[in-house]
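Since the structure comes first, as structure tokens, the remarks are kept for the end.
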Amino acid sequence: MTNTHDTLSPGTIGRRRAATFPEQPPRLWKSVKPKKAYDAVIVGGGGHGLATAYYLAKNHGLTNIAVLEKGWLAGGNTARNTTIIRSNYLWDESAAIYEHSLKLWETLEEDLGYEMFFSQRGVLTLAHSVSDVRSKRRNLYANALNGIDSEWLTPAEVKKLVPIINISEDVRYPVHGATYQPRGGIAKHDWVAWGFAKAASDLGVDIIQGCEVTGFDIKNNKVQGVQTNLGSIAAGKVGMVGAGHSSLLANLAGFSIPIQSRPLQALVSPLLEQVLNTVVMSGAVHVYVSQAHKGELVMGAGTDAFNSYAQRGGFHVIEHQLAAALELFPIFSRAHVLRTWGGVVDVSPDASPIMGLTPVENLFLNCGWGTGGFKATPASGWVMAYTVAHGRPHELNQAFALDRFVTGHLIDEHGAAGVAH
Amino acid sequence: MLHIPCPHCGLRNETEFHYGAEAGVAYPEPNVLTDSEWAKYLHIRANPKGWLAERWVHFAGCGRWFNLWRNTITHEIGPAYLPFTTQPKKPDNIGQEGLKA
Ligand SMILES: Cc1cc2nc3c(=O)[nH]c(=O)nc-3n(C[C@H](O)[C@H](O)[C@H](O)COP(=O)(O)OP(=O)(O)OC[C@H]3O[C@@H](n4cnc5c(N)ncnc54)[C@H](O)[C@@H]3O)c2cc1C
Ligand SMILES: [Zn+2]
């Protein structure tokens with residue numbers, strides 16, 4: 001085991017060795033009280049809200065802005081997710097925005113001047129049945145047309161890449177093959193939020209924690225500002241980036257959005273020797289696994305069936321996920337569950353995000369990322385910043401507008417996103 | 001795991017049920033709807049923080065749909081009732097985390 005910082009260059013981290021993390025400066029962002037007025041405020045200090053603020057300042061020169069977070073930075077889904085990053089989605093619209101995100105990830109640490117342990121260790125998506133193979137291969141060809149790296153692996157090739165996997169045919173969910181995106185991987189989620197927060201704060205953005213938006217000031221159908229527990233704050237433009245709480249925010253502004261909030265759980269094992277150096281996902285058996293930089297196995301489950309804001313789910317969901325994981329990785333039977341937790345994910349009808357304009361002028365929406373938005377953090381911020389700055393969608397989020405539920409132009413990613421990530 | 005009171009079979013484990021989201025959404029008259037009214041009927045369901053009247057089906061038991069008051073913050077279970085009957089009053093917030101979940 002090495003403890004030196006120089007083993008931590010992006011891309012190689014944690015592949016074989018456990019890692020420790022560099023010291024943090026005492027303060028990453030300035031702690032401030034809200035001003036009376038801003039050019040724009042972003043509601044929600046998760047990764048997406050912070051990235052939006054950063055790109056508003058960096059790409060659009062808007063620095064008289066604030067991020068308002070009701071709890072603490074990244075206390076929502078940002079620091080609860082299993083950090084899987086990939087771009088091999090089925091439809092052109094999705095492929096375009098997720099691939100833009102992956103490209104941003106590839107230079108993000110240099111851009112922000114902050115380490116995020118982005119590690120392109122590859123993402124393997126298993127197929128367990130004939131129809132699974134068909135739909136994964138369809139996805140693969142769609143990816144090829146969109147210039148996204150994705151390969152088909154036979155069970156033997158899967159076994160070569162992940163020696164601890166069970167490819168026996170004599171199991172409930174045999175491995176019939178897999179798609180593999182070599183450029184996919186993971187990053188350290190809390191550091192991602194901190195990196196965006198620090199870079200935004202350095203550009204003059206106010207980051208205000210413990211500030212809950214409780215209402216919107218709207219005159220002549222135009223947003224004028226927000227009400228908060230710290231008083232009213234005037235704002236020319238407002239972006240709602242509240243993830244699991246997005247439908248509540250929309251209701252406060254007087255309209256409804258097609259979002260249901262559901263628990264999504266994950267868990268970790270204690271620190272183990274490195275046995276897994278890629279990410280393995282299986283939609284069919286509802287499990288996805290990677291081994292984090294320090295050595296803990298990180299596993300995600302499926303969503304619980306019902307609406308909830310409790311940030312916890314049922315243990316039977318975890319048991320189901322672990323049963324599947326153990327069949328795929330018999331070696332895990334000796335590992336223990338160290339910790340489980342849950343987030344509140346904003347599920348949309350077509351498993352695609354909702355981004356863009358709202359029925360209220362100068363009020364913009366970004367939500368519906370559900371179980372899979374961590375990977376999109378940079379691109380989501382990028383297009384949201386554009387949308388807020390220009391008052392119209394960027395070409396990458398045009399198709400994801402709220403009105404697609406009226407026009408019928410849904411972007412159905414249930415196959416690609418499935419349960420997972 | 002939730003323990004859900006099926007009005008026909010009594011208290012059973014959540015794994016015997018499927019979820020049906022907001023209860024009491026009336027089927028609209030399709031011929032007179034505008035596109036946005038259709039969209040609302042198809043896609044918009046209540047998603048409150050607190051008590052929600054919602055649908056469940058007891059697929060591993062009697063196979064029947066019913067409605068249930070449940071708290072989305074505490075997972076407390078309120079009264080269950082049959083569709084097309086009078087909806088019991090929204091429960092008071094007893095509000096203790098996990099009290100009856
Ligand atoms: C267990 C789990 C595993 C996941 N795994 C993956 C994965 O492997 N890969 C992947 O790509 N995605 C994954 N996701 C999804 C991903 O985490 C989310 O899509 C993403 O984090 C959403 O980003 P966000 O920054 O918008 O959300 P959040 O971090 O939830 O930010 C929203 C913020 O808004 C704040 N807020 C809400 N209401 C108000 C208000 N009224 N006033 C002020 N602030 C408010 C909240 O407190 C919160 O901090 C997973 C999620 C979970 C829960
Ligand atoms: Zn029953």
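Residue numbering restarts at 1 for every chain, and letters A, B, ... go by the order of the sequence lines.
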[X] portion near chain B, given a 4.5 angstrom heavy-atom threshold:
X        : result
A:Arg262 : side chain
A:Ile259 : both
A:Leu410 : side chain

Problem - Side chain B:Arg70, main chain A:Phe306, donor-acceptor under 3.5 Å - result: no
Exercise for the section: Assess whether atom CH2 of A:Trp341 is packed by more than 12 heavy atoms of other residues, nucleotides or ligands within 6.0 Å. Expected result: yes
Exercise for the section: Can you establish whether the number of heavy atoms outside A:Trp91 located under 6.0 Å from its atom CH2 is more than 12? Expected result: no
Handout entry: Polar contact flag, side-chain donor to acceptor under 3.5 angstrom, B:Asn47-A:Ser261
Key = yes
Handout entry: Most contacts with chain A, counted as non-hydrogen pairs under 4.5 angstrom, among B:Ala21, B:Ala46, B:Gly20
Key = B:Ala46
Exercise: identify the closest heavy-atom pair between [X] and [Y]:
X        : Y        : result
A:Phe405 : B:Ala39  : O-CB, 3.2 Å
B:Lys49  : A:Lys70  : NZ-NZ, 4.4 Å
B:Ile44  : A:Pro258 : CD1-N, 3.6 Å

Practice task
Can you tell which part of B:Glu14 gets under 4.5 Å to a heavy atom of chain A, answering side chain, backbone, both or neither?
Solution key: side chain
Practice task
Measure B:Ser36 against the heavy atoms of chain A and call it side chain, backbone, both or neither at under 4.5 Å.
Solution key: both
Working to the nearest 0.5 Å, report the span between [atom1] of [X] and [atom2] of [Y].
X        : Y        : atom1 : atom2 : answer
B:His75  : A:Asp304 : NE2   : CG    : 7.5 Å
B:His43  : A:Gln260 : NE2   : CD    : 12.5 Å
A:Tyr309 : B:Thr72  : OH    : OG1   : 6.0 Å

